[in-house]
Amino acid sequence: MKQKDALKILKAGKNVYLTGAAGSGKTHVLNEYISYLKNRGARAAVTASTGIAATHIGGVTIHSWSGAGIKDDLNDEDIERLIQKEYLYKKFEKTKVLIIDEVSMLSSRLFDSVERVCRAMKRSEEPFGGMQVVLSGDFFQLPPITKEGGNADFIHSSEAWNKMDVRICYLSEQFRQKDSSLEKILNEMRQGGISPASKNKLAEICENNSASLKSVSPTRLYTHNIDVDAENERELEKLEGKAHVYEMSAGGKASMVESLKKGILAPETLRLKKGAVVMFVKNSFDEGYANGTLGKVKDFDNEGMPIVRTFSGDMIRVTLAKWTVEEDEKVLARVEQLPLRLAWAITVHKSQGMSLDAAEIDLSKAFVPGQGYVALSRLRDFAGLSLRGFNDMALMMHPRANRQNGKRCWNDLAIKR
């Protein structure tokens, strides 16, 4: 369906799973609905499975909002302790809509725990205590992070999912990929098997890795943090001149500040030099940039603020940005930093939800299904891709998201409903 159709269903108060391929505009629809609720004075809890995903929609993690903390499984004693916390009880009492983004990375155990907490706080046996629940994500992207190599357990296997009468809204329009050949490969991956021709296409890109990526250096995506950190430091040290250092400022409740810091991509200490490749990590369309916009530091002004030339050629004087955690229109925590990070390299996990102008991707160490799909789907077209390598895992989707042997996949189910 189109975005306007999904919004109509949301505005009707239905429980919704908003899904679709990467770049189909799920976050845009969520933000539209959040604005709609705010304008009507309806209290909504805006959450996501990870801190980074939460910052994309101006929310907090579902762990933090629900009181679950680091736990996925809550027993009766845990829930009873939560009920005794007056501030939590009052928060739940006022909340009419619960929004959770990037639910592919949310375990079924935590989802069931949150549902039980909602019923207990609301003093109601209706699913989620009678709140409207809006879920957004894509089971074809990164699965829940598991401990000790356990199997990923998506939320559709939970008790809560099966009793909440969810409407599946599959967004079919594509707003990111402008290249039909890239979109074709991504669709094949979603359908459970990449064709020999498409695999050869990717191998050809690897072999001819002299793709012209225009004037801006591509962001390099790696599957492991250690490769990212080493790459960025190595590249920064190559540049001449003294580094300009920017320290993050913060205020509010200490635990919330720490959670906010972990959830955003801006570093606590940012070191920049002239010529540094950077990526904007916040949306500010008025200022001319979006989360994922690439550029290069061309100079610094008299106040020491960096001037960045973006991939599209725009010159932007970058000033401090603010991230906040709000409740009842009160700011509970805030941090301020330049909305930039060094962007010679980032992890595939951190790239989820972004649109990148150009990327150099190394999938030779891919270790979880969906990593290859997430990485490749960040791009708009093959003109912005330099592929350093890939393994078989990089081309796989999680078997529980895409059923083999003739079983219906989630795309089929979404379309039919």
Task: Exam field: side chain Asp314 to backbone Thr310, donor-acceptor pair closer than 3.5 Å - done: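 Flag not set: sc Asp314 to bb Thr310 has no pair under 3.5 Å.
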
Open item on the list: Given the ring of Tyr87, does Lys253 sit roughly above its face, with NZ or CZ under 6.0 Å from the centre of the six-membered ring and within 45° of the axis?
Closed with: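 Yes; both conditions hold, so Lys253 lies above the ring face of Tyr87.
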
In terms of heavy-atom contacts, does [atom1] of [X] have more than 12 from other residues, nucleotides or ligands at under 6.0 Å?
X      : atom1 : answer
Glu159 : CD    : no
Lys163 : NZ    : yes
Glu77  : CD    : no
Lys199 : NZ    : no
Lys38  : NZ    : no
Lys365 : NZ    : no

TODO: Measure across His224 and Phe367 and return the closest heavy-atom pair with its distance rounded to 0.1 Å.
DONE: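 In this case the closest contact between His224 and Phe367 is CE1-CD2, 3.5 Å.
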
Task: Nearest heavy-atom neighbours spanning Gln337 and Leu320 - done: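 Heavy atoms only, the tightest pair is C-CD2, 3.7 Å.
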
Open item on the list: For the aromatic rings, using the six-membered ring if either is Trp, is the centroid distance between Tyr17 and Phe139 under 6.0 Å?
Closed with: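 Yes, they do, as the ring centres are separated by less than 6.0 Å.
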
Task: Pair Trp344 and Tyr222, ring centroids less than 6.0 Å apart - done: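 No, they do not, as the ring centres are separated by 6.0 Å or more.
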
- [ ] Just say parallel, tilted or perpendicular for the rings of His156 and Trp161, cut-offs at 30° and 60°.
- [x]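 Answer is perpendicular, since the angle exceeds 60°.
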
Task: Check: Ser49/Glu102 side-chain N/O donor and acceptor closer than 3.5 Å - done: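 No, because no side-chain N or O of Ser49 sits under 3.5 Å from a partner of the opposite role on Glu102.
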
Open item on the list: Let me confirm one number: the CZ-NZ distance from Arg309 to Lys296, rounded to the nearest 0.5 Å.
Closed with: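 Spacing of CZ (Arg309) from NZ (Lys296) equals 10.5 Å.
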
